[in-house]
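Just below is one structure, and these are the notes that go with it.
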Amino acid sequence: MPAITLPDGSVRSFDGPVTGTAIAEAIGPGLAKAALAMEVNGALQDIGRSVTEDAAVRFITRKDPESVEMIRHDAAHVLAEAVQSLYPGTQVTIGPSIENGFYYDFYRNEPFKPEDFAAIEARMKEIVANAEPFVREVWPRDKAIAFFEEKGERFKAELIRDLPEDEDISIYRQGEWMDLCRGPHLRNTKDVGTAFKLMKVAGAYWRGDHRNPMLTRIYGTAWRDQKELDAHLHQLEEAERRDHRRIGREMDLFHFQEEAVGQIFWHHKGWRLYCALQDYMRRAQTRGGYQEVRTPQLVDRGLWEASGHWDKYRHHMFVATVEDEDKTLALKPMNCPCHVQIFRHGLRSYRELPMRMAEFGACHRYEPSGALHGLMRVRGFTQDDAHIFCTEDQIADETVQFVRMLHEVYKDLGFEHVRVKFADRPEQRAGSDETWDKAESALKEACEVAGVTYEYNPGEGAFYGPKLEFVLRDAIGRDWQCGTLQVDLVLPERLDASYIGEDSARHRPVMLHRAILGSFERFLGILIEQHAGRFPLWLAPQQVVVASIVSDAGAYAEEVAAALREAGLAAEADVRNDKINAKIREHSVARVPIILVVGRREAEERTVAMRRLGGKDQESFGFDEVVARITEEATPPDLRKKA
RNA sequence: GCUGCUGUAGCUCAGUGGUAGAGCACUCCCUUGGUAAGGGAGAGGUCGACAGUUCAAUCCUGUCCAGCAGCACCA
């Protein structure tokens with residue numbers, strides 16, 4: 001006698017087990033037509049399944065966000081059927097929905113090529129048009145294994161074998177084709193719609209493990225309608241347009257070459273940008289009570305053995321030897337052990353705590369070749385690193401202060417959305433469970449005090465301690481993890497850091513590892529993409545160009561540029577024998593924020609015509625006024641606040 | 001590192017088993033033009049590296065290097 005409670009609170013009773021389809025029909029023909037699936041007591045289900053007991057039921061239509069995920073999942077099934085019908089002998093594995101779309105991993109001797117997409121998509125559209133119902137069947141485990149093994153689907157058979165004993169083996173059938181799947185699914189293949197597109201092929205390991213065979217993965221994107229699909233494709237184009245590698249080339253910021261794989265050749269303009277950011281960070285840290293230090297690049301392996309890094313990360317370290325000396329050194333992959341050396345130098349008193357030790361630490365890590373990606377992942381990078389040596393009692397206060405500083409920096413740099421993740425103990429870790437209990441609860445408590453709300457990221461902590469990860473969202477909605485705060489009770493122990501307490505006994509300090517940008521290189525990559533190269537004036541690598549219209553105004557243009565440079569701005573004169581149109585275009589393409597145009601008239605009146613990047617209008621200013629105005633506008637946000 | 005793709009001028013890219021081309025950028029000349037490309041000429045390449053096949057390789061084959069996408073990794 002199930003009583004069905006609907007989202008509006010109304011209740012309908014049925015005589016016996018009733019399918020979602022029947023419930024929807026009982027409510028009305030419009031809903032019956034639109035309902036794709038249902039949520040029973042919070043769990044998504046096929047609409048064709050029966051409800052046997054009292055339950056809260058909500059129907060999912062194309063308007064509900066849940067429908068997109070189902071469309072994507074079903075599109076993966078349709079893709080698999082299409083592939084198997086076109087390429088017999090291909091084995092299926094799994095095909096989930098993912099952000100923006102879906103993928104399906106296949107096993108086949110010959111990989112797929114993007115040229116195959118047209119045929120596969122056409123076949124998929126046929127399958128969709130056939131409106132084959134998704135039919136759920138529950139099979140005995142042995143039958144399912146035998147069935148897939150007989151078909152030569154060894155991956156599927158393996159999956160079924162590994163399913164928990166108490167789980168139903170559900171098989172979904174669409175026409176002749178069937179797949180092991182937990183579901184739920186839409187009503188039929190037609191519900192998938194046609195707003196999908198195959199995007200790319202890639203390799204992926206079976207079950208995500210690099211010791212397993214490599215499969216061929218086909219990625220697709222799928223949406224509720226063509227409009228959503230078009231919007232997504234447009235967003236991809238936008239991301240490509242903002243690609244920092246491309247902008248870096250166009251703006252002459254940096255380059256890479258084979259002789260220094262994974263390392264950056266910063267050109268003058270890029271380095272200006274870097275320095276502007278570094279100067280800003282240095283000011284922020286000074287205000288925050290940090291003391292800046294500088295530690296060696298090459299450090300004896302003994303120190304890395306003591307810190308535990310040699311054991312775990314040796315293969316990712318650059319190791320150096322000299323012929324005349326029987327020593328092994330390593331380029332530092334991180335700064336912490338070096339900072340502990342400074343802390344250990346001499347006896348420390350509790351009065352010195354918290355000691356906030358900062359370094360723009362140049363680090364080198366031998367990253368796997370496949371991981372390298374422009375500025376985002378490099379082998380030589382610089383962290384805005386700092387270690388706070390403090391007592392356990394000070395963790396909360398330091399967290400509060402750090403979180404405040406981090407938000408201020410992100411805001412100044414143009415990022416408003418920041419999320420926090422709490423990453424707790426990983427499987428491979430140093431330190432006892434008691435130590436981890438202590439560190440994790442201390443960090444949680446600190447979050448409470450700091451008013452930080454977070455989501456969990458289980459098992460993703462550093463090997464020496466739990467961490468907070470700060471994720472910011474950029475202008476086109478992408479997330480980047482940049483900042484981090486890690487509580488470390490292990491390294492001070494390993495490297496024997498201690499201070500003399502009020503009781504004149506030795507104590508272990510707590511070490512907080514923290515960074516706001518993460519690495520300058522990566523953060524600059526993010527900044528470039530955030531602004532699409534059109535930086536706010538204070539960061540712009542080339543702030544002003546003074547362009548002459550006629551050669552008679554050349555000397556005056558030089559004079560204006562020199563005055564701007566004198567005021568500390570990155571200004572150049574462009575007095576080349578070119579039309580003003582060409583100059584405007586060239587400097588606009590180079591994303592110079594301000595162009596000052598001077599012709600005969602301006603030279604005589606000692607004025608300039610100011611043109612903003614991308615703007616149509618111009619404003620006229622006197623010589624002195626324009627220097628003052630631009631200087632004011634180019635003031636970094638932190639200095640501006642104080643003024 | 002793994003799978004796939006790619007590598008031709010500074011950049012973007014054509015092209016061919018008989019040692020190469022375009023546009024932009026660059027240099028020079030003409031043009032002095034008022035807000036996103038004025039005109040002309042010129043210079044520029046061991047066709048990623050090394051082997052092999054061939055009378056002949058930038059092109060075919062192999063190995064390596066690098067880049068791109070994804071996976072795995074990310075102290």
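In the text below, chain A, chain B and the rest are named by the order of the sequence lines, each starting its count at 1.
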Between A/Thr295 and A/Gln341: side-chain donor-acceptor atoms closer than 3.5 Å: no
Parallel, tilted or perpendicular, as decided by the 30° and 60° cut-offs, for the rings of A/Trp304 and A/His309: perpendicular
Sugar-phosphate only, base, or nothing, as touched by A/Ala609 at under 4.0 Å among non-hydrogen atoms: base
Any N/O donor-acceptor pair, A/Arg365 side-chain to B/rC74 base, under 3.5 Å: no
Nearest-Å distance once atom C1' is located in both B/rC5 and B/rG17: 24 Å
Whole-Å distance separating the CG atom of A/Leu372 from the P atom of B/rG67: 6 Å
Value in whole Å for how far the C1' atom of B/rU32 lies from CG of A/Asp552: 8 Å
Under 3.5 Å on both distances, the Watson-Crick or G-U partner of B/rC68: B/rG4
Sugar-phosphate only, base, or nothing, as touched by A/Gly208 at under 4.0 Å among non-hydrogen atoms: sugar-phosphate
Length of the CD-C1' vector between A/Glu259 and B/rA66, whole Å: 10 Å
A/Arg379 NZ/CZ over A/Tyr366 ring centroid, <6.0 Å and within 45° of normal: yes
Separation of atom CG in A/Asp617 from atom P in B/rG34, rounded to whole Å: 19 Å
Nearest listed nucleotide, side chain of A/Arg600, among B/rU35, B/rC73, B/rG33: B/rG33
Proximal nucleotide (of B/rA75, B/rA69, B/rG1) relative to the A/Lys467 side chain: B/rA75
Nearest-nucleotide 5' precedence on RNA chain B, A/Glu460 against A/Tyr366: A/Tyr366
Identified pairing partner of B/rG18, criterion: Watson-Crick or G-U wobble below 3.5 Å: B/rC55
N-O pairing of A/Asp424 and A/Arg429 below 4.0 Å: no
Contacts under 3.5 Å, N or O only, protein and nucleotides 36-46 of chain B:
| residue | atom | partner | partner atom | Å |
| --- | --- | --- | --- | --- |
| B/rA36 | OP2 | A/Arg611 | NH2 | 3.2 |
| B/rA36 | O4' | A/Arg585 | N | 3.3 |
| B/rA37 | N7 | A/Arg585 | NE | 3.4 |
| B/rA37 | N6 | A/Arg585 | NH2 | 2.5 |
| B/rA37 | N1 | A/Arg585 | NH2 | 3.2 |

Distance, rounded to the nearest Å, where A/His309 contributes NE2 and B/rC74 contributes C1': 13 Å
Protein proximity profile, nucleotides 2-12 of chain B - base contact B, sugar-phosphate-only contact S, no contact -, cut-off 4.0 Å on heavy atoms: BBSS-----SS
Length of the line joining A/Leu485:CG and B/rA75:C1', which is rounded to integer Å: 16 Å
Touch class at under 4.0 angstrom, heavy-atom based, for A/Arg245 against every strand present: sugar-phosphate
Any donor-acceptor N/O pair under 3.5 Å between B/rG48 base and A/Gln257 side chain: no
Shortest side-chain distance from A/Arg377, nucleotide among B/rG70, B/rC74, B/rU32: B/rC74
Atom-pair distance (CD1 on A/Ile264; C1' on B/rA66), nearest Å: 17 Å
Listed nucleotide nearest any side-chain atom of A/Tyr219, set B/rG70, B/rA72, B/rA69: B/rG70
Base of B/rA75 and ring of A/Tyr464 stacked, centres under 5.5 Å, planes under 30°: no
A/Glu602 side chain, from C-beta outward: closest of B/rC71, B/rU32, B/rG34: B/rG34
Spacing of A/Leu236 atom CG relative to B/rG70 atom P, expressed in whole Å: 11 Å
Contacting residues from residues 522-529 of chain A, given that a heavy atom lies under 4.0 angstrom of RNA chain B: none
Mutual orientation of the aromatic rings belonging to A/Tyr107 and A/Phe155 [parallel < 30°, tilted 30-60°, perpendicular > 60°]: tilted
Aromatic plane relationship, A/Tyr104 with A/Phe106 - under 30° parallel, 30 to 60° tilted, over 60° perpendicular: parallel
SB check A/Arg601 A/Glu605 (cutoff 4.0 Å): no
Watson-Crick or G-U counterpart of B/rU63, or none if no pair lies under 3.5 Å: B/rA49
Heavy-atom neighbours of A/Asp209 CG exceed 12 at 6.0 Å: yes
Listed nucleotide nearest any side-chain atom of A/Arg601, set B/rA75, B/rG34, B/rC73: B/rG34
